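Take a look at the structure set out below.
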Amino acid sequence: MAQMPELRKKLAWTLFILCMYRVGVHVPVPGIDAGALSHFFASMQGSVFALLDMFSGGGLRNVSVFALGIMPYISASIILQLLQVVSPDIKRMAKEEGQAGRRKITQYTRYLTVAITLIQGFGIAALLEGMVSPENAPVVMNPGWEFRLVTIVTLTAGTILIMWLGEQITAKGIGNGISLIIFSGIVVGIPSALMRSYQLIKAGDMNVLFAIFILIMMLAVTVGIVFVERAQRRIPIQYAKRQIGRKMYGGQTTHLPLRINTAGVIPPIFAQSLLLFPATVAGFSTAEWLQRVVSWFQPTSIVYNIIFVALIFFFCFFYTAIIFDPKDIAENLKKAGGFVPGIRPGDKTREYIDNVLTRLTLWGGIYISIISVLPMLLIAQFNVPFYFGGTSLLILVGVAIDFMSQVESHLISQQYEGLMSKARKG
């Protein structure tokens, strides 16, 4: 590492940006009574607010400048990706215009993120004024349009800054910036979750054996996630021999690797981003019909989890279809003289790859659903004081694997360049 200043520079830049993000999480929006807000969230443990607070890295609990987290950007990304299916212009922009088209889509995503943040900022500002702690202390000290405008501007600026920080990590650091920001927000919540568990054990509200069981389950689930995330279904590919001039080319045997979970952590993140917004808006009001909606959309409710699982399957198939096109793979293999043994090139190869990918995506959806619903079950049935497993653990493991893969690729690239430099000098 000492001999690779470029890698050290990238790692230092990534750490610096993440530290800046963590500082912003603790900068509160003006006009909030921190004590009343803390008491309100203490009474909301295990609710949708606790789940949303986890994704904002504690920003919602503090109503900080980063209270909305990166969720508006994720929501905007969902909308743009869905539009690629229904809009020929956006689809052409994404697939045919290359880098320029992707830059345009990124720009549209930023504009849409700002629009979503303005709407969410207004909703949160207006609804914060109706929030009171269990002791009936108002959360907002001076409600009114002045507070609302300040909150809207602050939250919008905070979300834009998070988006910029994520892009800076992706461009100049190591790893995917947005994923690492979510990763850091989840990691910082682990010590407090462990402390709450210790306090429950000390007070006698949690059995020591049950705590040990949870710890063993956590390790087992983590091992299972690592195993599935690295698992592949390898389709054998044979290249026909071709003679060009006096030389014979081809004849190699390779494989096409297909992951069981091709979509990664995108499905549960997208699913929860869609479910959290209406539940959050409804949760800040005292209207009776909205409170009924809140009860339906609590993370521990049956309705929430049924919709959650359905959305996970939808985004598993949807996102896999966007990033992996069997038709393109089959055409490229045919042009290169490759084929799957026993399968005719062209449409038959496309159908075969599509069938294999569909079965893998189905099992991937089942796997993600089980992992994602696990914390809801533990909270509802065993009163576990934190969101163990689920989307948070998938993100932690998935982002860690991706981060280490990029570091490893950078190390290999640096070593290769060093060997080539020595060979040229020799």
Side-chain angles (χ1 to χ4, degrees), residues 1-2 4-29 50-77 106 109-110 113 117 154-195 222 225-226 229 264-266 268-269 272-273 276 386-387 390-411 414:
M1 187 73 72
M4 298 181 178
E6 184 179 349
L7 179 58
R8 284 191 287 109
K9 183 179 178 181
K10 287 179 176 290
L11 290 173
W13 177 256
T14 301
L15 181 61
F16 172 70
I17 295 295
L18 291 178
C19 288
M20 288 182 60
Y21 165 68
R22 293 310 308 165
V23 169
V25 168
H26 297 284
V27 178
V29 172
L51 185 60
L52 186 58
D53 185 59
M54 179 191 72
F55 277 101
S56 66
L60 183 62
R61 179 181 295 272
N62 304 326
V63 188
S64 72
V65 294
F66 292 161
L68 292 176
I70 202 64
M71 283 303 179
Y73 180 81
I74 294 174
S75 300
S77 299
T106 300
T109 304
R110 292 170 182 165
T113 299
T117 306
T154 303
L155 295 182
T156 302
T159 299
I160 293 172
L161 182 55
I162 292 178
M163 184 171 58
W164 181 81
L165 291 174
E167 292 175 353
Q168 291 303 302
I169 292 176
T170 303
K172 301 179 182 179
I174 294 286
N176 181 283
I178 302 300
S179 299
L180 284 173
I181 284 176
I182 299 175
F183 176 90
S184 66
I186 296 172
V187 167
V188 296
I190 294 177
S192 61
L194 295 176
M195 185 59 67
T222 303
I225 291 175
V226 173
E229 290 298 320
V265 298
I266 296 298
I269 292 178
Q272 283 190 326
S273 68
L276 285 175
F386 57 90
Y387 281 95
T391 308
S392 60
L393 197 55
L394 279 171
I395 293 172
L396 290 177
V397 175
V399 174
I401 290 175
D402 179 66
F403 181 80
M404 293 308 299
S405 297
Q406 292 201 31
V407 171
E408 184 179 356
S409 298
H410 198 87
L411 288 171
Q414 291 291 314

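Start at 1 with the first residue, then count along the sequence. All values derive from a computational prediction rather than experimental measurement. All heavy atoms count here, side chains included; hydrogens, waters and symmetry mates do not.
- In this structure, Val29 and Leu155 have side chains that are in contact, with non-hydrogen atoms separated by less than 4.5 Å.
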Residue pair Ile174, Val407: steps toward the side chain to side chain contact (heavy atoms under 4.5 Å, CB included) verdict: CA-CA 7 Å; Ile174 294 286; Val407 171; 3.7 Å; yes
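- A distance of 15.0 Å separates CG in Leu15 from NZ in Lys10, rounded to the nearest 0.5 Å.
- For the atom pair OG1 of Thr109 and CE of Met163, the computed distance is 9.0 Å after rounding to the nearest 0.5 Å.
- Judged purely by atom type and a 3.5 angstrom limit, Thr170 uses its side chain to pair as donor or acceptor with the backbone of Gly177.
- Across every non-hydrogen atom of Phe66 and Met20, the tightest pair is CE1-O, 4.3 Å.
- Between Leu180 and Val399, the closest heavy-atom pair is CD2-CG1, 3.6 Å.
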Listed pairs under 3.5 Å, donor-acceptor, residues 68-77 side chains, sequence neighbours left out:
residue	atom	partner	partner atom	Å
Ser75	OG	Met71	O	3.0
Ser77	OG	Tyr73	O	3.0

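- The minimum heavy-atom distance linking Ile169 with Leu18 is given by the pair CD1-CD2, 3.8 Å.
- With values rounded to the nearest 0.5 angstrom, Thr113 atom OG1 is found 11.0 Å from Ile162 atom CD1.
- Here NZ of Lys172 is found 8.5 Å from CD1 of Ile17. Values are rounded to the nearest 0.5 Å.
- The CG atom of Leu165 sits 9.0 Å away from the CD1 atom of Ile178 when rounded to the nearest 0.5 Å.
- Under the side chain to side chain donor-acceptor pair (under 3.5 Å) criterion, Gln168 pairs with no residue, sequence neighbours left out.
- Between the Ser184 side chain and the Ile181 main chain, a donor and an acceptor come within less than 3.5 Å of each other.
- Remark: the backbone N or O of Gly173 is not paired with any side-chain donor or acceptor of Thr14 at under 3.5 angstrom.
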